[in-house]
Amino acid sequence: QVQLVESGGGLVQAGGSLTLSCAASGRTFSNYVMGWFRQAPGKERDIVAAVKWNDGSTYYADSVKGRFTISRDNAKNAVYLQMSSLKPEDTAVYYCAAVTARMILTARAAYDYWGQGTQVTVSS
């Protein structure tokens with residue numbers, strides 16, 4: 001059973017930085033794509049970034065390119081989302097997700113496993 005546990009959310013001022021962590025367990029994740037999604041109140045859950053575990057290739061939503069960095073640590077079975085130059089519109093619950101795939105997938109429906117989410121609030 002795949003388990004994903006997010007941590008690292010919190011309150012930060014606009015322009016600040018925050019790093020989210022996702023601890024993954026229950027499988028060998030070499031054939032997985034790991035994604036970070038976010039959902040603001042009243043909005044859809046959208047992809048922010050994704051990484052292929054085996055080769056480290058990445059995807060970023062246009063809204064976060066140049067500000068966010070996704071990475072994975074094979075030894076720790078963890079995925080990270082480093083967020084900088086945060087804006088109030090980045091405020092959302094951030095979710096870690098996983099799916100077995102050969103290419104990066106961006107649709108929410110494509111992902112099989114989800115964490116419980118962590119709140120990120122950016123004040124202006």
Side-chain angles (χ1 to χ4, degrees):
Q1 181 74 10
V2 172
Q3 286 191 320
L4 306 173
V5 180
E6 303 98 333
S7 61
L11 174 64
V12 62
Q13 288 188 333
S17 299
L18 209 57
T19 297
L20 305 182
S21 301
C22 173
S25 62
R27 293 284 163 81
T28 300
F29 289 92
S30 56
N31 294 321
Y32 277 69
V33 171
M34 308 296 291
W36 281 101
F37 288 73
R38 67 185 180 187
Q39 187 168 19
K43 295 191 176 182
E44 297 290 318
R45 188 177 300 185
D46 294 324
I47 193 163
V48 174
V51 61
K52 280 181 63 180
W53 201 289
N54 58 2
D55 64 9
S57 57
T58 58
Y59 164 88
Y60 294 95
D62 288 342
S63 58
V64 306
K65 280 181 182 176
R67 300 188 300 123
F68 290 12
T69 301
I70 189 171
S71 61
R72 83 269 190 254
D73 185 323
N74 291 333
K76 295 183 178 181
N77 253 19
V79 179
Y80 305 99
L81 186 68
Q82 295 174 278
M83 307 184 292
S84 61
S85 302
L86 283 162
K87 306 174 182 179
E89 50 264 45
D90 294 318
T91 295
V93 177
Y94 283 70
Y95 297 89
C96 179
V99 62
T100 305
R102 295 183 178 182
M103 63 181 67
I104 286 181
L105 304 175
T106 60
R108 172 187 177 177
Y111 285 74
D112 296 320
Y113 305 100
W114 293 86
Q116 81 288 351
T118 186
Q119 176 71 48
V120 172
T121 303
V122 184
S123 63
S124 57

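Within the 4.5 Å cutoff, no side-chain heavy atoms of Ser17 are placed close to those of Gln82. In this structure, the side chains of Val64 and Arg38 come closer than 4.5 Å at one or more pairs of heavy atoms. Arg72 places none of its side-chain heavy atoms less than 4.5 Å from the side chain of Phe29.
In this structure, NZ in Lys52 is found 11.5 Å from OG in Ser30, a value given to the nearest 0.5 Å. Asp90 CG to Ser63 OG: the interatomic distance, rounded to the nearest 0.5 Å, is 7.0 Å. How far CZ of Arg27 is from CD of Gln1: 7.0 Å, rounded to the nearest 0.5 Å. One distance of note links CG of Asn77 with SG of Cys22; it measures 9.5 Å at 0.5 Å rounding. Rounding to the nearest 0.5 angstrom, the gap separating the CE atom in Met34 from the OG atom in Ser71 is 11.5 Å. Note that the CD1 atom of Ile47 and the CZ atom of Arg108 stand 12.5 Å from one another [nearest 0.5 Å].
Annotation: cation-pi geometry satisfied between Arg45 and Tyr95 (NZ/CZ under 6.0 angstrom from ring centroid, within 45° of ring axis).
Salt bridge status for Asp62 with Lys65: present, with a side-chain N to carboxylate O gap under 4.0 Å.
Screening Gln39, Met83, Gln119 against Tyr94 for a side-chain contact (heavy atoms from CB on, under 4.5 Å) leaves a single residue, Met83. Here the rule is side chain to side chain donor-acceptor pair (under 3.5 Å) with Trp53, and of Asn74, Asn31, Thr28 only Asn74 fits it. Each of Leu20, Ile70, Asp73 was evaluated against Val79; a single residue qualifies, Ile70, per the side-chain contact (heavy atoms from CB on, under 4.5 Å) test.
Between Ala40 and Ala92 the shortest heavy-atom distance is N-CB, 3.8 Å. The two residues Ser124 and Ala14 have their closest heavy-atom pair at CA-CB, 4.3 Å. Minimum interatomic distance between Ala49 and Leu81 (heavy atoms only, all atoms of both residues): CB-CD1, 4.1 Å.
When hydrophobic clusters are built by joining Ile, Leu, Val, Met, Phe, Trp and Tyr residues whose side-chain heavy atoms come closer than 4.5 Å, directly or via intermediates, Trp36 is grouped together with Tyr32. Taking hydrophobic clusters as Ile, Leu, Val, Met, Phe, Trp and Tyr residues chained together by side-chain heavy-atom distances below 4.5 Å, Ile104 does not share a cluster with Tyr60. Residues Leu18 and Val93 do not share a hydrophobic cluster, clusters being chains of Ile/Leu/Val/Met/Phe/Trp/Tyr side chains in contact below 4.5 Å. Linking ILVMFWY side-chain heavy atoms closer than 4.5 Å, directly or via other members, places Val33 and Trp114 in a single hydrophobic cluster. The cluster map of Ile, Leu, Val, Met, Phe, Trp and Tyr, joined by side-chain heavy atoms under 4.5 Å apart, puts Val2 and Phe37 in different clusters.
A distance-only check finds no donor-acceptor pair linking the side chain of Tyr80 to the backbone of Thr69 [under 3.5 Å]. Listed for the Gln13 side chain is no donor-acceptor partner under 3.5 Å among the backbone atoms of Ser123. Side-chain atoms of Ser84 come within 3.5 Å of backbone N or O of Arg67 as a donor-acceptor pair. No donor-acceptor pair closer than 3.5 Å links the side chain of Thr58 to the backbone N or O of Val51.
Scanning for ring pair (Phe, Tyr, Trp, His ring centres under 6.0 Å) contacts around Tyr59 gives an empty result, with sequence neighbours left out.
Around CD of Gln3, the count of heavy atoms belonging to other residues, nucleotides or ligands within 6.0 Å does not exceed 12.
Listed by chain and number, the hydrophobic cluster partners of Val5 come to none, as no ILVMFWY side chain reaches under 4.5 Å of it.
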Leu105 and Met103: side chain to side chain contact (heavy atoms under 4.5 Å, CB included), yes or no, with the steps?
CA-CA 6 Å; Leu105 304 175; Met103 63 181 67; 4.2 Å; yes

What verdict does the side chain to side chain contact (heavy atoms under 4.5 Å, CB included) test give for Phe68 and Leu86, after you've listed the backbone C-alpha separation in whole Å, the side-chain angles of each residue and the deciding distance to 0.1 Å?
CA-CA 9 Å; Phe68 290 12; Leu86 283 162; 3.8 Å; yes

